[in-house]
Amino acid sequence: MKNTLKLYMVLTILMLHFSMQASATLMEQILEDTKYINLEISPDGNHFAMTYKDGDKINMSIFDISTTPMKVTSGVSLGGDLSVWDIYWANNHRVIYSVLISRSWYNEYKSTGEMFGIDIDGSNHDVIFGQRAANNNRTGAAAAASRIKGAESELATFEMIDLLPNDDNFVLIKSTPFNAKDSVPTVYKLNINNGKKKKITTLPLPRSNAITDINGHLRYANGIDKNGKSKLYKWEDQKWNIALEYYGNKGGATPIAISDEYIYMTDDADNELDGLYRINITDNKRELLYRHEFTDISQIYINPNTQHPYLVVTDPAKEEYHYFEESGNLATTHKKLTRAFKGSMVHIISFTEDLNKMIVRVSSDKVFGEFYLFDRVTQNAAFIASQKPKLKSSQLASMQPISYENRDGKTIRGFFTKATGLADDKTAPLVVMPHGGPQDRDYWQFDSQVQVLATNGFSVLQINFTGSSGYGKDFRYGSNKQWGDLVQDDITDGTNWAIENGLVARDKVCIYGFSFGGYSALMSVIRQPDLYQCAAGGGGVYDLGLMYKAEDINQLLWGKEYLQGAIGEDEQELKRNSPTYNTDKIKVPVFIAHGKNDTRVPPKQAKKLVKMLKKSGVPHEVAYYAKEGHGFADLDNRIKFNQQLLKFLKKHLSK
């Protein structure tokens, strides 16, 4: 057998099963919801379960792939406003899944906290955990509600801890009561067939996580206490004993996996950057396995049969992979896949028990995601589905990593996407697009907003300014109380770098962002009134003081503490760094868009700003969107917003 990976387009039945819709414009194709969401293969490799979008609902189908041709054995389309979300194979014959509910007054899904179960032939479809587990009538696949004898209702949400692969009847979950800001989770052993559950213990801290060993035994828990200290507890003698207490909210260790010999964890206590460590369980000897030169670890992939890591992913520019050869087959397999899908990001998302078959997701800056079924024995990769099946990568723009030095000599990284259809020696108007957060970051990946702009005549500059995640703890927390100063200086320096390097003409630049990006857009034209020709903000923060009154932030466990560190409480400083109180410095037209049901950044933020824009005589346009929160969930609203944004940009960049 040749040691080469072969790609086959063999699972065309999916495209027959899920009929294609009528053709849409390129912008609509870019903005459309993801068609196929997730795939999970059964432990024996004979079936896989797929979730997919059908209108406003998310459904699930189970496929028998052991037959030729493969066939659909069952499916789930829940009644009312319910949709399928996370899916898990509890054993070879039963799938369990979590449930979302769409709210009629709000274009958004919310978890019901429930777990449902279904056999692969569609039988025994029941609620096995949650508020309806004991008091609803069983009505089959359409509504999937049950009245299982022995099951108890619980107004709570669950998170999977361990699927217990050696036990076909039970899983280990943690349960947290709804709307309880500081409640302590409970660990249950849950029967997947009848919903009966046995309490194992409560976890030692609110929002803490439980960690099991390779045999599914509860071993450790980790979390952050009320003082911001990270703690690791060991489960022994039926109680939690403190094992490690370390650092504060600007650094700490996060356990990843536990094998028979080691605890694997990320830690940045003794360094600016995350490192992957292993600690010998017997003698507590600590060993650094990997640390990147200048970026944090993005993901760690664990061999499910050994609990040893086989792959570390970092994002210095594009994704980079570091392998652990002792994990053997999985590391070798991933290397082969990256060679076969050269230039793309490759992620193994689901395995069979023997690791011989797996679901692989492939993506890039011009491909949202494609699923393949890979057979390690035959070396065949069979195409299953594209997550955006109507979209052709040839129509889209390429994203190029960039870097520059800011005024303090610090390296700032980001991405430049040139507008499509331009000759090499031509430039297009530029949209500078700062990200949200600020402790978020931009990645080399498919970005629908970037692609809409780039395919409509605009180049795009994305900047991972000070405060962005992924470049070490000092860089990430460097934005604290610097939202209006240092952060905006980095954006200014990046814009000037693009102009000086010939990526855009000096008089052809606008700035647009969403959430914190909206804040940056307005602050940038306040601090640099002659650098940009216009500014646009979506869901933006414009009055920092109002953040302390935001319903969403106040419900977070450390919401107030976060704000105290990030923006401070000095009233004069908050006003100095708030666009609402500085509209008299704005010389360019402004476009403001906001969701009327936004709880993270309430619409009052936009309304106060617009009032002051009027008072200062600033030309402006405003759009409010009903039933939308912090982001536009409805496709029609996304299209309408982007049409308005493009019209605004063209108006002020075509002069």
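Computed over heavy atoms, backbone and side chain alike; hydrogens, waters and symmetry mates excluded. Everything numeric in this text was worked out from a predicted model, so none of it was measured.
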Checklist entry - Do N356 and D354 have a side chain donor and acceptor closer than 3.5 Å? => result yes
Checklist entry - What distance do L31 atom CG and Q451 atom CD have between them, rounded to the nearest 0.5 Å? => result 11.0 Å
Checklist entry - Would L311 and L330 count as a side chain to side chain contact (heavy atoms under 4.5 Å, CB included) if you check the C-alpha gap in whole Å, the side-chain angles of each, and the deciding distance to 0.1 Å? => result CA-CA 9 Å; L311 171 65; L330 287 179; over 6 Å; no
Next on the checklist: Less than 4.5 Å apart, side chain to side chain, heavy atoms only: is that true for S364 and W444?
Outcome noted: yes
Item to check | Side-chain donor/acceptor of S208 to backbone N/O of L205, under 3.5 Å | outcome: yes
Checklist entry - Pick one: which of F374, F383, Y372 meets ring pair (Phe, Tyr, Trp, His ring centres under 6.0 Å) with F341? => result Y372
Item to check | Residue pair F632, F514: steps toward the ring pair (Phe, Tyr, Trp, His ring centres under 6.0 Å) verdict | outcome: CA-CA 11 Å; F632 303 134; F514 202 94; 5.7 Å; yes
Next on the checklist: Please give me the minimum heavy-atom distance between I41 and L373, naming the atom from each residue.
Outcome noted: CD1-CD1, 3.6 Å
Next on the checklist: Can you see whether D375 engages N380 through a side-chain donor-acceptor pair at a distance of less than 3.5 angstrom?
Outcome noted: no
Next on the checklist: Could you tell me if Y262 and H308 have a donor-acceptor pair between their side chains, going purely by distance under 3.5 Å?
Outcome noted: no
Checklist entry - Counting only heavy atoms not in K640, do more than 12 sit closer than 6.0 Å to its NZ atom? => result no
Checklist entry - Q379 side chain to R376 main-chain N or O, any donor-acceptor pair under 3.5 Å? => result yes
Checklist entry - Quick check: does any side chain N or O of K35 sit under 3.5 Å from a backbone N or O of K53, one acting as donor and the other as acceptor? => result yes
Item to check | I211 CD1 to I263 CD1 distance, which is reported to the nearest 0.5 Å | outcome: 8.0 Å
Next on the checklist: Determine whether a donor-acceptor pair (N or O, by modelled atom type, separation under 3.5 Å) exists between the side chain of D64 and the backbone of S66.
Outcome noted: yes
Next on the checklist: Within the 3.5 Å criterion, strictly below it, is a donor on S259 or E261 matched to an acceptor on the partner's side chain?
Outcome noted: no
Next on the checklist: Looking at every heavy atom in both P206 and P185, which two are closest together, and how far apart are they?
Outcome noted: CA-CD, 4.3 Å
Next on the checklist: Please evaluate residues H125 and F116 with respect to the criterion side chain to side chain contact (heavy atoms under 4.5 Å, CB included), reporting the C-alpha separation (whole Å), side-chain torsions for both, the decisive distance (0.1 Å), and the verdict.
Outcome noted: CA-CA 7 Å; H125 194 187; F116 289 30; 4.3 Å; yes
Checklist entry - Taking C-beta and beyond as the side chain, do V171 and F129 meet within less than 4.5 Å on heavy atoms? => result no
Checklist entry - Can you find a side-chain donor-acceptor pair between S74 and D121 that sits under 3.5 Å? => result no
Checklist entry - Any donor and acceptor pair, going by atom type alone, linking the side chain of R638 with main-chain N or O of A633 inside 3.5 Å? => result yes
Checklist outcome for this item: CG (D167) and CG (N91) are apart, to the nearest 0.5 Å, by 9.5 Å
Checklist outcome for this item: Scanning both residues in full, the closest heavy-atom pair of H630 with G539 reads CE1-O, 3.2 Å
Checklist entry - Shortest non-hydrogen contact from L218 to W235? => result O-CD1, 3.5 Å
Item to check | Partner of K174 by side-chain hydrogen bond (donor to acceptor under 3.5 Å, both in side chains), out of T202, T157, N209 | outcome: N209
Checklist outcome for this item: Between S344 and V362, the two heavy atoms sitting closest are CB-CG1, 3.6 Å
Checklist entry - Looking only at atom types and distance, does a side-chain atom of D274 sit under 3.5 Å from a main-chain N or O of D296, one as donor and one as acceptor? => result no
Checklist entry - How long is the gap from CE on M358 to CZ on F48, to the nearest 0.5 Å? => result 15.5 Å
Next on the checklist: Using a 6.0 Å distance limit plus a 45 degree cone around the ring axis, check whether R361 lies over the aromatic ring of F368.
Outcome noted: yes
Item to check | Test item: K388 side-chain N/O and I30 main-chain N/O as donor-acceptor pair under 3.5 Å | outcome: yes
Checklist entry - Between E32 and K390, is the closest basic N to carboxylate O distance under 4.0 Å? => result yes
Checklist entry - If you draw the axis of the six-membered ring of Y323, does the NZ or CZ of K335 fall within 45° of it and under 6.0 Å from the ring centre? => result yes
Checklist entry - Quick one: does T67's side chain get under 4.5 Å of K71's, heavy atoms only? => result yes
Checklist entry - Side-chain donor-acceptor pair under 3.5 Å between H347 and E319, yes or no? => result yes
Item to check | Main-chain N/O of E40 paired to W89 side chain as donor or acceptor, under 3.5 Å | outcome: yes
Checklist entry - Any side-chain donor paired with an acceptor under 3.5 Å for T314 and H322? => result no
Item to check | side chain to side chain contact (heavy atoms under 4.5 Å, CB included) evaluation trace for L163 with Y88 | outcome: CA-CA 8 Å; L163 288 168; Y88 310 90; 3.8 Å; yes
Next on the checklist: For the residue pair H93 / D119, report whether a side-chain donor-acceptor contact shorter than 3.5 Å exists.
Outcome noted: no
Checklist entry - Does any N or O in the side chain of K57 come within less than 3.5 Å of the main-chain N or O of L78, such that one atom is a donor and the other an acceptor? => result yes
Checklist entry - Do any N or O atoms from the side chain of S42 and from the backbone of N46 form a donor-acceptor pair under 3.5 angstrom? => result yes
Next on the checklist: Run the ring pair (Phe, Tyr, Trp, His ring centres under 6.0 Å) test on Y277 and Y264 for me, step by step, so that the C-alpha distance in whole Å, both residues' side-chain angles and the decisive distance to 0.1 Å come before the verdict.
Outcome noted: CA-CA 6 Å; Y277 289 84; Y264 293 94; over 10 Å; no
Next on the checklist: Within the structure provided, determine whether N169 and N193 are in side-chain contact (heavy-atom separation under 4.5 Å).
Outcome noted: yes
Checklist entry - Does the side chain of S386 pick up a donor-acceptor pair with the side chain of E370 at under 3.5 Å? => result no
Next on the checklist: For Y52 and Y36: C-alpha separation, side-chain torsions, deciding distance, then whether ring pair (Phe, Tyr, Trp, His ring centres under 6.0 Å) applies.
Outcome noted: CA-CA 4 Å; Y52 62 95; Y36 307 106; 7.0 Å; no
Checklist entry - Do D213 and N215 have a side chain donor and acceptor closer than 3.5 Å? => result no
Checklist entry - Would Q307 and I302 satisfy side chain to side chain contact (heavy atoms under 4.5 Å, CB included), going step by step from the backbone distance to the final call? => result CA-CA 6 Å; Q307 291 299 297; I302 302 296; 4.1 Å; yes
Checklist entry - Once you round to the nearest 0.5 Å, how far does OG1 of T34 lie from CG of N38? => result 11.5 Å
Checklist entry - K357 versus I65: any side-chain heavy-atom pair under 4.5 Å? => result no
Next on the checklist: For a 4.5 angstrom cut-off between non-hydrogen side-chain atoms, does P255 reach L232?
Outcome noted: yes
Checklist entry - If you round to the nearest 0.5 Å, how far is CG of L190 from CD1 of I96? => result 7.5 Å
Next on the checklist: Classify the ring geometry of W240 against Y233: parallel below 30°, tilted from 30° to 60°, perpendicular beyond 60°.
Outcome noted: perpendicular
Checklist entry - Considering only heavy atoms from C-beta outward, does the side chain of I359 approach that of I348 to under 4.5 Å? => result no
Item to check | Member of F351, Y321, Y310, F324 meeting the ring pair (Phe, Tyr, Trp, His ring centres under 6.0 Å) criterion with H334 | outcome: Y321
Item to check | Minimum-distance pair of heavy atoms, taken over all atoms of A49 and M60 | outcome: CB-SD, 4.1 Å
Item to check | Close side-chain approach of N191 and K197, heavy atoms under 4.5 Å | outcome: no
